[in-house]
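Okay, so here's the structure we're looking at.
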Amino acid sequence: MAPRLKYWGWGYEGHGLAAEERDTLLRTLAEEFGICGSGDARVPPLDGISLQAPRLNPPGSLKSICTQEPYERILHSFGQSQPDSIRIFASDFAHAPDVIAYPRDEADIGSLLEWAGAAGASLVPYGGGSSVVGGVTPDIGHGFSGTVTLDMSRMNRVLEVDPVSRAALIQGGARGPELEGGLKPHGMTLRHFPQSFQHSTLGGWIATRSGGHFATLYTHIDDLVENISLITPAGKMESRRLPGSGAGPSPDRLVMGSEGTLGIITEAWVRLQGRVAFKATAGFRFPGFLGAAGAVRAIAQAGLFPANVRIVDGVELAVNGAGDGSFTLLVVSFESADHPVVAWMDRAEECARDHGGVPDVDWRAHPDAHLKGAVGAWRDAFIKMPYARENLTPRGIISDTFESAITWDRFESFYHAVKGATRQAIREATGKEGAVSVRFSHAYPDGPAPYFAFHCGADPRSMLEQWRDIKRAVSDAVIDNGGTITHHHAIGRDHQPWYEKQRPPLFGDVLARAKGHLDPKGILNPGVLLAGRHHASTD
């Protein structure tokens, strides 16, 4: 029997941190940062979760692709955000969807949209359920008769591969491993690997403008899309498949980042690459974060375009057992399917040394340098990070992240202001000190994408309110200091108020009118991107 996905955390049942890894994390937080847990650490049992009776009854023509089984409703009640986790361990499933639908094709999706619209129900698209911003959490507000969650996992195939153009037509419900498994026999790869790769889908990547494996150049799924097919309540919209076009505003650009509010992404042609044949990774230690940031700027502006160029500060290294807190780590990697990459790494090393970096492990002497030293320890910790929260939340410890992007000329002031605001917000919300760390997830010639993480002890009785106070303060700091509210985590419900502040008001009006035309009854993912319920009557 295949393992089931956890309804309380990341991945499959039976997968997670080993007891020793969990205890090491808790001990490090307590001894190094004074962050101690206070909860009972119990997972709410499935048979102890109370669900309201389903408010919707699928018509006979759709019953074969729908379920109202309790586990399915519970599983689809939340994504992977910090407030989702808090509500799960508080057994708060009052908002659980009424029906889970598993469409097999575009005709099924059209029928589901028609039924939901006629029934006055909201419809929430669901890919892999990996949203960390409330993007799939069915908090729909008032005015709907119920919620249908549309799970795309049955539309998960690689339909066609074009080896001449190096592209493939892939269904939107294909998870990362399914997608790559279908491309491997052709010697090709999409080479888009977000941290959620195992449990996220192509349609989800496109809908949220996912950031992936490449820290430079091809950073977002946007760069890899040739065309998109979208099913909306108003009909189907399919763009022309082209390598590029200057023909007016792009329909694909409207769909990318729409987060299920305009329609359901059913399939897309995406650009492929040859599988990696040459690779080199090196790490460099710096005494401080800003010196390492200077090295990243030099590398980004040299036109080298490494696959990976990230810096991780001492706090994050210490929290994750990859360092003692005394240094910042720069990791740089080059990959190619066509040619050796030594010359590129040589130049990147020069940039690192010019800014005070010293090698972590000699990459020339050790081809497996990515598995050794602080780089190897960080790599192992990064893979296991998604499992940490399910061990921390029930112990009364908040563990969350947020990310942004800012131009280089404003980065240093942004770094100090946002990091300081996060520390202050933790003190004001909890009365305690926390651990605040920063790393770069991506880098561009004109600016970096700083990625913040924070941990703090909380009162289990008011944990959600304390998180909200911190989230509000740090989001205000990001916007007030000129950054974007998100670089690759998407908007969801958690970021929606700050997205309103970031986008031009006139563009907000245009977006609301587009939704009103494509989704006249306002049933698709209410509360994401746009506040309230938008209808065609906005015209």
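Just so it is clear, the model here is predicted, and its values are computed rather than measured.
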task = Would you please test Phe411 and Phe440 for ring pair (Phe, Tyr, Trp, His ring centres under 6.0 Å) and show each step?
result = CA-CA 11 Å; Phe411 165 66; Phe440 283 176; 5.3 Å; yes
Parallel, tilted or perpendicular: rings of [Y] and [X] (30°, 60°):
X	Y	answer
His220	His487	perpendicular
Phe402	Phe452	parallel
Tyr12	His15	perpendicular

Residues, nucleotides or ligands: over 12 heavy atoms within 6.0 Å of [X] [atom1]:
X	atom1	value
Ile383	CD1	yes
Lys236	NZ	yes
Glu114	CD	no
Arg503	CZ	yes
Phe193	CZ	yes

Between [X] and [Y], do the side chains contain an N or O donor and an N or O acceptor separated by less than 3.5 Å?
X	Y	value
Ser239	Asp252	yes
Ser165	Asp162	yes
Asp446	Trp408	no
Thr484	Ser404	no
Glu178	Asn156	yes
Glu403	His442	no
Trp498	Asp476	yes
Lys515	Asn525	no
Thr67	Glu72	no
Ser200	Ser130	no

Can you name the nearest heavy-atom pair linking [X] to [Y], along with the distance?
X	Y	answer
Ala405	Pro450	CA-CD, 4.0 Å
Ser245	Ala247	OG-N, 3.1 Å
Asp494	Gly134	OD2-N, 3.7 Å
Pro103	Leu112	CB-CD1, 4.1 Å
Thr266	Met152	CA-CE, 4.3 Å
Gly117	Lys521	O-NZ, 3.3 Å

task = Please report the C-alpha distance between Glu335 and Arg191 in whole Å, then the side-chain angles of each, then the deciding distance to 0.1 Å, and finally whether the salt bridge (charged side-chain N to carboxylate O under 4.0 Å, His left out) criterion is met.
result = CA-CA 11 Å; Glu335 300 175 353; Arg191 219 165 155 202; 2.9 Å; yes
task = Let me see the working for Phe278 and His339 under ring pair (Phe, Tyr, Trp, His ring centres under 6.0 Å), right down to the final yes or no.
result = CA-CA 7 Å; Phe278 303 92; His339 55 265; 7.3 Å; no
request  = Under the side-chain contact (heavy atoms from CB on, under 4.5 Å) rule, what do Val312 and Phe382 come out as? Steps first, then yes or no, please.
outcome  = CA-CA 11 Å; Val312 188; Phe382 183 79; over 6 Å; no
With rounding to the nearest 0.5 angstrom, report the [atom1] to [atom2] distance, [X] to [Y].
X	Y	atom1	atom2	answer
Ile88	Ser77	CD1	OG	8.0 Å
Leu224	Leu272	CG	CG	9.0 Å
Thr216	Phe334	OG1	CZ	7.5 Å
Gln171	Asp105	CD	CG	9.0 Å
Ser258	Leu529	OG	CG	7.0 Å
Ile140	Ile523	CD1	CD1	11.0 Å

Side chain [X], main chain [Y], donor-acceptor under 3.5 Å:
X	Y	answer
Thr232	Ala234	yes
Lys6	Gly11	no
Glu259	Gly492	yes
Arg166	Arg271	no
Glu180	Pro177	no
Glu390	Trp8	no
Thr137	Phe78	no
Ser85	Gln82	no
Lys63	Pro58	yes
Arg389	Ser399	yes

Side chains of [X] and [Y] in contact at under 4.5 Å (non-hydrogen atoms):
X	Y	result
Val331	Val309	no
Asp139	Arg493	yes
Ser441	Arg310	yes
Glu267	Met155	no
Val255	Leu262	no
Val148	Pro97	no
Leu46	Tyr71	yes
Pro448	Val296	no

query = Which residue, Gln502, Lys471, His489, forms the side chain to side chain donor-acceptor pair (under 3.5 Å) with His495?
reply = Lys471
key: Full working for ring pair (Phe, Tyr, Trp, His ring centres under 6.0 Å) between His488 and Trp205   = CA-CA 10 Å; His488 60 270; Trp205 299 344; over 10 Å; no
task = Is it possible for you to check whether Arg439 lies under 6.0 Å from the centre of the six-membered ring of Tyr451, through NZ or CZ, and within 45° of that ring's axis?
result = yes
request  = Using the salt bridge (charged side-chain N to carboxylate O under 4.0 Å, His left out) rule, take Arg253 and Asp222 through it: C-alpha gap first, then chi angles, then the decisive distance, then the call.
outcome  = CA-CA 8 Å; Arg253 290 286 173 180; Asp222 308 30; 3.2 Å; yes
